[in-house]
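Below: one structure, written as structure tokens.
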Amino acid sequence: MGGNAASGRPEVGTRVVTVRADEPALDKTFDYLAPSDVRVGDVVRIDLHGRRLGGWVVDVDVEPPAGVDLKPLAKVSGWGPSRDLVDLADWAAWRWAGQPPHFLRTATAASVVRGLPPAARPASAQGVEDALAADALRAGRAVLRLPPSADLFPLALQAARLGPTLVVCSSHAQERHLAARLRRAGLVVAAHPRDWAQARAGAHVVIGARAAAWAPCPDLAAVVVLDEHEEVHQEEASPTWHARDVAVERAARAGVPCVLTSPCPSLEALAWGALVSPSRADERAGWPVVDVVDRRREDPLRSDLYSEKLVDLVRSGRRLVCVLNRKGRAALLVCAACSDLARCETCQSAVAMGESTLVCRRCATTRPVVCQSCGSGKLKQRRLGVSRAREDLERLGRVPVGEVTGDSDDLPDTNVLVGTEAVLRRVDRADAVAFLDLDAELLAPRYRAGEEAMALVARAARLVGGKAGGGRVLLQTRQPKHEVVQAALLADPSRVSAVERERRAILRLPPAAAVAHVSGAPAAAYVEPLLGRIDVEVLGPAADGSYLVRAADVRTLCDALDATPRPGGRLRVAVDPARL
DNA sequence: CGGACAAGCTGA
DNA sequence: CAGCTTGTCCGG
């Protein structure tokens, strides 16, 4: 069993392979004897130290380590990622201070793939050539700034003319819509992860949301990332990898063109590639009419949340979506039986729901989940801002108004809807969108607040369409001169990037520097050796015990993190944190 | 990670 | 010194 292990030479019909176990805590790889038809990327099972583990072959025909008695693989399960993705997983582990298994899992089919379907035959080019898309693809590394209502299909089609193309979408709705149109154009389209085997075998277009950055795509010829500015492209959990950056690296390694699209490109994208955009006239036409209401000029006797222009829109009978982000993220708890507000017994402050008790936000006193007034144990979250606005708009507009919550399945059947920014993801069409309090976004205490606000306005703009279709966006603000308001008004997103770029340079925040947020109990122990380095700066600890590690650029930061040992325990390292 | 084994603590 | 906990090492 296991061949001539003592001499370190495999038997005929076997080879020595290196396996990465599917166990993130194991940072070593191990060598095994394998059948000679095993390929890099194959999913295998191994016996390791009395355990049976899954894993991936990451190298074949390696020099067996001296003095080790090699064991055979326990099982070869099936197809896995190709060698380029196995290598990309190692790069991503460095780039986001994670472990390769995280990425290899994302790059692997959900269930075992024993065989592959036939590969797609080369596609026949058809359709009208899109000049702007062709420009972007020719540029190699391009940021294609298209207005919100622009059709992204011509770009995908144009890219697919070059050969197998990877398309990373910002939503499943966008993915389904585009996939259907590409199929109608006669292309073999594999949706990731559902059609993993077809993608692995060879398709004309491999398409999906964030995880599709890790989809197989043999003979990759072009990479396209749609709405690269959208925060959904970044994984929230650690490692906080970004599909845009993975796609960019993948295209660079393959030596193929990469196009990032966005109505309002991120500073990261603009720092990376050449900006390609339509004529000013075309870009303006693709943005809706924007109305700015200066809340400072509104009649102070009525609530300045409901301007005359807004009430007119509510009464207009058109389909209107109102966005109101609750101020202070804390939702209030209200008794389901008697509607009394749940307060702290000690300090009368509003309480929040803890693990199994109510916790005071101010003094941290805990008490059981029971209403003080009526003794009911049923409390509900009340998002005061939105519920109140719904009632007010209904009264002022004298029309029914529906409230959209993040989790409820069906949309209210009313022409006018109110919700937090989540409403912009739930609704796919409207005549007008009104931001009741844009300042809540503009002034949010997050370093990307400006870009995030611009992204919301762009999302609203997509909902209502361009100027030709009569689309309208209403912005109520006390800062009408703010660059986000001006950018929307003039359909010129570069106004935001210009201001933001300078601000980030002054504050030394990305992309002017590279940062990682380190939190969790072992954070102090982890950053300790980093304090002695001259190429990184450690800020903190913050009130929650977390640290910020900063370096001049990504390479310096990631090299430093890579060289730092991980103490045990629940440590979170977020490289390029979306929020600080 | 999780098993193996070694070093340290306790109780009789 | 058995019997148990805690720590460190290592796996092919």
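Labels below follow one simple rule: chain letters A, B, ... track the order of the sequence lines, proteins then strands, and each chain is numbered from 1.
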What's the closest nucleotide to the side chain of A:Ala25 if the choices are C:dG11, B:dC1, C:dG12?
B:dC1
What is the distance from NE2 of A:His49 to P of B:dC5, rounded to the nearest Å?
9 Å
Does the side chain of A:Val538 reach to within under 4.5 Å of the side chain of A:Leu548, using non-hydrogen atoms?
no
Report the distance from atom CG of A:Leu33 to atom C1' of C:dG12, rounded to the nearest whole Å.
9 Å
What about the rings of A:Trp241 and A:Trp91, do their centers lie closer together than 6.0 Å?
no
Given atom CG of A:Asp27 and atom C1' of B:dC1, what is their separation to the nearest angstrom?
11 Å
Looking at A:Arg508 and A:Glu537, does any basic side-chain N land under 4.0 Å from a carboxylate oxygen?
yes
For A:Arg20 and C:dG12, give me the distance from atom CZ to atom P, rounded to whole Å.
16 Å
Nucleotide C:dC9, atom P - distance to NZ of A:Lys28 in whole Å:
13 Å
Could you tell me the separation between the CG atom of A:Asp47 and the P atom of C:dG12, rounded to a whole number of Å?
9 Å
Thinking salt bridges, do A:Arg253 and A:Asp84 make one under a 4.0 Å N-O criterion?
no
Write down the distance between CZ (A:Arg105) and P (B:dC1), rounded to a whole number of angstrom.
12 Å
Between P on B:dG3 and CG on A:Leu53, what's the gap in Å once rounded to a whole number?
11 Å
